[in-house]
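What you see below is based on every heavy atom in this structure, not just the backbone, and it leaves out hydrogens, waters and symmetry mates. Since we're looking at a predicted model, the values are computed, not measured.
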Number of protein chains: 2
Amino acid sequence: MTIAQVAQRTGLTAHTLRYYERTGLMLEPPPRGGNGHRRYTERDADWIALLTRLRASGMPIAAMRRYAELARRGRDSYVARKELLEAHRADVIAKIEQLRSDLEIADYKIDLYSRRIRGEE
Amino acid sequence: MTIAQVAQRTGLTAHTLRYYERTGLMLEPPPRGGNGHRRYTERDADWIALLTRLRASGMPIAAMRRYAELARRGRDSYVARKELLEAHRADVIAKIEQLRSDLEIADYKIDLYSRRIRGEE
DNA sequence: ATTTGACTTAGAGCGCGCTCCAACTCCCAG
DNA sequence: CTGGGAGTTGGAGCGCGCTCTAAGTCAAAT
């Protein structure tokens, strides 16, 4: 698979794919064809798809890098990887709760404006 | 109220308070004491508290600036302000839903690692 | 008189996550 | 053999939201 095809498939740009590789997010650098172009394997594409989902849930690049490092260590890092993901999950859940509660002020204000618009105060 | 007191009360730094003012988030620049220092009114502090809550729910500075501009226009902008907040609320709710769904991959992986750790596969 | 400390300003710097640029190589179609 | 298109690299630039620095003013405490 070419970089353009992976970009297409994952929704990332080719720029971003090279950036991810540079910054240590790949399990290993994708193999190159005779012309020096990257030839992504199916496994590469799957890994990148996983990265995009972790990213979408707000995982920082640095944590994804740690996750990639663990994944390179193989079966020995299952526990560590699980812990990393659990920590991330807890972060996301906390963030969701925070958003919910910080949204209340908007709700309150919206209600206030509604009443003012209707001339109730 | 001094800038330090408002910082204390709102959890922002004095730096950030000046930045917010520079960038157009205040209804009007806080009055100055004889020594040129800002003397925040109770109303200023309340407004800043509202800003921090909007900010905490992820509203971008640019949107807060628009909100401040509307607020400066007074009663005429109730409808516009309400619409702005409703748009923000919709954004936040969408973001929460997105987070929930993007979290599924972490859940799935956590479960996978659990089973692998227990030696089931 | 001096030091301390809280404030002032304009403007620089930073961390994050991209995003793009310049200059280059390579291959293929016309 | 020429042009176009897709890829390569190192490194610069950007948008956001702060965050900090330098140099200065002023007031109260010693």
Side-chain angles (χ1 to χ4, degrees), chain A residues 1-26 28-41 44-45 48-68 88 91-92 95 98-99 102, chain B residues 1-26 28-41 44-45 48-68 88 91-92 95 98-99 102:
Chain A
M1 228 177 301
T2 67
I3 196 167
Q5 287 167 331
V6 176
Q8 171 77 26
R9 190 194 275 216
T10 59
L12 300 175
T13 66
H15 286 303
T16 301
L17 287 170
R18 292 189 205 100
Y19 163 68
Y20 276 13
E21 183 182 334
R22 268 206 306 283
T23 204
L25 297 186
M26 296 303 288
E28 53 197 70
R32 302 302 179 107
N35 52 8
H37 292 195
R38 289 170 183 79
R39 288 300 197 66
Y40 291 87
T41 65
D44 289 325
I48 292 163
L50 170 59
L51 291 181
T52 64
R53 300 207 58 187
L54 291 175
R55 190 73 199 92
S57 64
M59 183 180 286
I61 298 287
M64 300 205 305
R65 188 156 39 226
R66 259 177 280 126
Y67 185 69
H88 174 59
D91 287 350
V92 176
K95 187 167 164 183
Q98 193 57 55
L99 282 176
D102 288 321
Chain B
M1 228 176 301
T2 68
I3 196 166
Q5 287 166 332
V6 176
Q8 172 76 25
R9 191 193 277 214
T10 60
L12 299 174
T13 66
H15 286 303
T16 302
L17 287 170
R18 292 189 204 101
Y19 162 68
Y20 276 12
E21 183 182 334
R22 268 207 305 283
T23 205
L25 297 186
M26 296 303 287
E28 53 198 73
R32 302 302 180 103
N35 52 8
H37 292 193
R38 289 169 182 80
R39 289 295 202 65
Y40 291 87
T41 65
D44 290 325
I48 292 163
L50 171 59
L51 292 180
T52 63
R53 300 208 57 187
L54 292 175
R55 189 75 199 90
S57 65
M59 184 180 285
I61 298 287
M64 300 204 304
R65 187 155 39 224
R66 260 177 277 127
Y67 185 68
H88 174 59
D91 287 350
V92 176
K95 187 167 165 185
Q98 192 58 54
L99 282 176
D102 288 320

Peer 1: With heavy-atom distances below 4.5 Å as the criterion, would you say the side chains of A:Thr10 and A:Thr16 are in contact?
Peer 2: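 With C-beta onward as the side chain, the pair stays apart.
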
Peer 1: At under 4.0 Å between heavy atoms, which parts of nucleotides 1-20 of chain D does protein reach? Answer with one letter per nucleotide, 5' to 3': B base, S sugar-phosphate only, - none.
Peer 2: ------SBB-B-----BBBB

Peer 1: Going by heavy atoms in the side chains, are A:Asp44 and A:Met26 under 4.5 Å from each other?
Peer 2: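 Yes; the side chains approach each other to less than 4.5 Å.
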
Peer 1: Are any non-hydrogen side-chain atoms of A:Arg9 and A:Tyr40 less than 4.5 angstrom apart?
Peer 2: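 No; the side chains remain at least 4.5 Å from each other.
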
Peer 1: Round to a whole Å and report the spacing from CG of A:Leu17 to P of C:dT19.
Peer 2: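 Distance, rounded to whole Å: 12 Å.
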
Peer 1: Quick check: do A:Arg32 and A:Arg38 have side-chain heavy atoms less than 4.5 Å from each other?
Peer 2: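 Yes, their side chains come closer than 4.5 Å.
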
Peer 1: In a table with atom names and distances, give each donor-acceptor pair under 3.5 Å that connects a side chain of residues 59-68 of chain A to protein atoms at least two apart or in another chain.
Peer 2:
residue	atom	partner	partner atom	Å
A:Arg65	NH1	A:Thr23	O	2.8
A:Arg65	NH1	A:Thr23	OG1	2.4
A:Tyr67	OH	B:Tyr113	OH	2.7

